[in-house]
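We use all heavy atoms of the structure for the numbers below, so side chains are in, but hydrogens, waters and symmetry mates are not. In each ligand, atom 1 is the first atom listed, and ligand 1 is the first ligand listed.
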Amino acid sequence: MKVLVLGGDGYLGWPAALHLSEHGHEVAVLDNGARRGYDDELGVTSLVPIRGLDERVAAWEEVSGTRLPVYHGDLLDAEFTRDTLAEFRPDAVVHFAEQRSAPYSMLDRAHATYTQHNNVVGTLNLLYAIAETDPGTHLVKLGTLGEYGTPNIDIEEGWLTVEHNGRTDRVLFPKRPGSFYHLSKVHDSHNIEFTCRAWGLRATDLNQGVVYGHHTDQTARDPRLATRFDYDAVFGTVLNRFTIQAVLGEPLTVYGSGGQTRGVIDIRDTVECVRLAVENPAERGEFRVFNQLTESFSVGELAKLVADTHPGGTEVAHLDNPRVEADRHHYRVASTGLPALGLRPHLLADTLITSLFDLVERHADRVDRSALLPGVQWRLPGR
Ligand code: NAD
Ligand code: USQ
């Protein structure tokens, strides 16, 4: 299939593009470089050094013998987005290209509006581009498990059958997310569902949990193919951060009691889920939702796992939670769609954590320790 990967320079988009390419698909990537710009803005860098997009692509061509065309540009540029689809004519578009940090979206008004504008308008431009070039193109969109929040009922796979006053309907599962970033994903989901209903588009919304890990089979082949690995309190995700903190001898920063529970997934399963969704498209007019997680852990359990695996003594610190989130709650998430398509998950094991320790040790001198502590507050000042 011809697959266009949007956000193909990012933590997940890059390895997903290589995974699809390795599996025989004709892949092109699009990116506007925004993520590297946030690094400059925040004064941080990926723990693992990464090459520029064109250099990475050249390295992949050298290693695999496969070409990977690049489109440098912004989804906010509607004409560029439409022209790219018109030129490449993809069977599927995999959409990773959003501002994806919850703390970044909560920095202040400017970052909240930037996040929602970038994500919601970028996705709308893409929906129009698909409708205008080929409405049969399958959109595989990265959503997030955090769209649902932590309701006191089981979380179903996107849809919920509701009985009310003697009548029954199938409705989108009610959403109660925890940041302006997570809200942007909810708005996207509604816009995408509407275009499936109104225009007959076909889409798969992958409501993914927190990703951990670094290598995939493809990125491990050459250091020039490495994907980014964020450790700072704005872009670093929880398990990746805990492994880095353990190696540096810093306390693991558990926010609040650590009782908050999240779905998680290994980066190797992320890329495989994307392949499975691409190769098994939604029907025309269908808004299909998969919950993309393989296990659930509380933050406290993740900290304990890392502390127990690390050979040195590791301290676990409970910081005042900068976020507004429940830390005692029900959490049971349905996830049957991707296993039914053949997903065989990598479960979190101490071997993986140990390999992350090795990775961190090799690059520990690149860490700016001052970027480890959380600075972004969810609450209004003085409240
Ligand atoms: P990332 O920030 O590393 O990658 C996103 C890429 O999109 C970046 O390279 C950025 O430059 C690009 N981009 C952003 N806005 C763009 C625009 N307007 N036009 C063109 N390119 C643009 O993020 P990631 O961790 O790879 O996440 C990718 C997707 O997966 C995001 O949508 C995110 O919400 C979702 N997701 C990530 C995780 C996780 O733990 N990393 C978990 C669940 C869902
Ligand atoms: N947390 C800590 N200590 C830390 C970092 C995080 O206790 O040092 C806690 C947070 O309070 C939160 C949980 O760990 O309860 C997860 O935080 P995170 O920063 O790892 O992940 P989150 O902000 O939820 O966002 C990440 C990605 C985002 C994706 C989301 C999936 O950045 O793109 O959408 O995971 S989900 O959480 O399922 O919505």
Exercise. Heavy atoms only: give me the nearest Ser257-His318 pair and the separation to one decimal.
Key: O-CE1, 3.2 Å
Quiz item: To which of Arg100, Lys185, His182 does the heavy atom nearest atom 32 (O) of ligand 1 belong?
Solution: Lys185
Self-check item: Sub-4.0 Å atoms of ligand 2 with respect to non-hydrogen atoms of Ala102
Solution: 23 (O)
Quiz prompt | Val238 N/O to ligand 2 N/O under 3.5 Å | solution = yes
Practice problem: Would you mind running through ligand 2 and noting each atom that sits below 4.0 Å from a heavy atom of Gly146? | Solution: 36 (S), 38 (O), 39 (O)
Practice problem: Could you check atom 17 (O) of ligand 2 against the protein and tell me its nearest heavy-atom contact, residue, atom and distance included? | Solution: Arg323 NH1, 3.6 Å
Quiz item: Taking non-hydrogen atoms only, is Phe235 closer than 4.0 angstrom to ligand 1 via side chain, backbone, both or neither?
Solution: neither
Quiz prompt | Rounded distance [0.5 Å steps], OG1 in Thr115 versus NZ in Lys185 | solution = 11.0 Å
Quiz item: Does Tyr38 reach ligand 1 with a nitrogen or oxygen that is under 3.5 Å from one of the ligand's nitrogen or oxygen atoms?
Solution: no
Exercise. List the closest protein heavy-atom neighbour of atom 38 (O) of ligand 2: residue, atom name, distance to the nearest 0.1 Å.
Key: Leu145 CB, 3.3 Å
Quiz item: What atoms of ligand 1 come within less than 4.0 Å of a heavy atom belonging to Asp74?
Solution: 17 (C), 18 (N), 19 (N)
Quiz item: So is Arg228 actually on top of Trp14's ring, under 6.0 Å and inside 45° of the axis?
Solution: no
Quiz item: Are Tyr104 and Tyr181 an aromatic pair by the rule of ring centers under 6.0 Å?
Solution: no
Quiz item: Does Glu283 offer a backbone N or O that forms a donor-acceptor pair with the side chain of Glu286 under 3.5 Å?
Solution: yes
Quiz prompt | Proximity to ligand 1 by part of Arg36, non-hydrogen separation under 4.0 Å | solution = neither
Quiz prompt | Closest protein heavy atom to atom 13 (C) of ligand 2, given as residue, atom name and distance to 0.1 Å | solution = Val299 CG2, 3.9 Å
Output side-chain donor-acceptor pairs under 3.5 Å for residues 335-351, partner residues at least two apart or in another chain, one line each.
residue: Ser335; atom: OG; partner: Asn291; partner atom: O; Å: 2.8
residue: Thr336; atom: OG1; partner: Glu157; partner atom: OE1; Å: 3.2
residue: His346; atom: ND1; partner: Asp269; partner atom: OD1; Å: 2.8

Quiz item: Which atoms of ligand 1 have any heavy atom of Ala34 under 4.0 Å away?
Solution: 11 (O)
Quiz item: At a 4.0 Å threshold, what atoms of ligand 1 neighbour a non-hydrogen atom of Gly33?
Solution: 11 (O)
Practice problem: Using distance alone, determine whether Gly209 and ligand 1 share an N or O pair under 3.5 Å. | Solution: no
Practice problem: Tell me which part of Val210 gets within contact of ligand 2: side chain, backbone, both or neither, using heavy atoms under 4.0 Å. | Solution: both
Exercise. State the atoms of ligand 1, each with its element, that fall below the 4.0 Å cut-off from a heavy-atom position in Gly143.
Key: 44 (C)
Self-check item: Closest to atom 2 (C) of ligand 2 (judged by heavy-atom distance), picking from Tyr212, Tyr255, Tyr11
Solution: Tyr255
Quiz item: Going by the order shown, which atoms of ligand 1 are within less than 4.0 Å of some heavy atom of Gly10?
Solution: 3 (O), 4 (O), 9 (O), 26 (O)
Quiz item: Is the shortest N/O to N/O distance between Asn32 and ligand 1 below 3.5 Å?
Solution: yes
Practice problem: Could you pull out, from Asp188, Asp31, Ile267, the option with a heavy atom nearest to atom 11 (O) of ligand 1? | Solution: Asp31
Quiz item: Where on Asn118 is there a heavy atom closer than 4.0 Å to ligand 1, on the side chain, on the backbone, on both, or on neither?
Solution: side chain
Exercise. Before signing off on this row, confirm whether His95 and ligand 1 have an N or O atom pair separated by under 3.5 Å.
Key: no
Quiz item: If hydrogens are left out, which of Phe80, Tyr104, Tyr181 has an atom nearest to atom 34 (O) of ligand 1, that is, the closest non-hydrogen atom?
Solution: Tyr181
Self-check item: Stepwise salt bridge (Lys or Arg N to Asp or Glu O under 4.0 Å) test for Arg288 and Glu193
Solution: CA-CA 9 Å; Arg288 182 175 66 169; Glu193 188 275 335; over 6 Å; no
Quiz item: So, is Gly7 polar-close to ligand 1, with some N/O to N/O distance under 3.5 Å?
Solution: no
Practice problem: Would you check the N or O atoms of Tyr114, main chain and side chain alike, for any that come under 3.5 Å of an N or O of ligand 1? | Solution: no
Practice problem: Would you mind running through ligand 2 and noting each atom that sits below 4.0 Å from a heavy atom of Gly209? | Solution: 31 (C), 38 (O)
Exercise. May I ask you to list the atoms of ligand 2 that are less than 4.0 angstrom from any heavy atom of Gln208?
Key: 31 (C), 38 (O)
Practice problem: Identify the protein heavy atom lying closest to atom 28 (C) of ligand 2, giving its residue, its atom name and the separation to 0.1 Å. | Solution: Arg100 O, 3.3 Å
Quiz item: With a cut-off of 4.0 Å, which atoms of ligand 2 are near a heavy atom of Thr253?
Solution: 2 (C), 3 (N), 4 (C), 7 (O), 8 (O)
Quiz item: Going by the atom numbers of ligand 2, which of them fall below 4.0 Å from some non-hydrogen atom of Arg241?
Solution: 4 (C), 5 (C), 8 (O)
Practice problem: Could you tell me which atoms of ligand 1, counted from 1 in the order shown, lie closer than 4.0 angstrom to a heavy atom of Leu75? | Solution: 17 (C), 18 (N), 19 (N), 20 (C)
Quiz item: Where is the nearest protein heavy atom to atom 30 (C) of ligand 2: which residue, which atom, and how far?
Solution: Thr144 OG1, 3.6 Å
Practice problem: Identify, for atom 11 (O) of ligand 2, the protein heavy atom at the shortest distance, and state residue, atom and that distance. | Solution: Glu325 OE2, 2.6 Å
Quiz prompt | Among Leu6, Asp31, Leu4, side-chain contact (heavy atoms from CB on, under 4.5 Å) partner for Tyr71 | solution = Leu4
Quiz item: With a distance cut-off below 6.0 Å to the six-membered ring centre and an angular limit of 45° from the axis, does Arg35 pair with Phe235 as a cation-pi contact?
Solution: yes
Practice problem: Could you say whether the N/O atoms of Arg35 and ligand 1 ever approach to under 3.5 Å? | Solution: yes
Quiz prompt | Trp378 ring center near Phe180 ring center (under 6.0 Å) | solution = no
Exercise. Tell me which protein heavy atom sits closest to atom 26 (C) of ligand 2, plus the residue, atom name and distance to 0.1 Å.
Key: Thr237 CG2, 3.8 Å
Quiz item: Judged by modelled atom types alone, do Thr66 and Trp60 share a side-chain donor-acceptor pair under 3.5 Å?
Solution: no
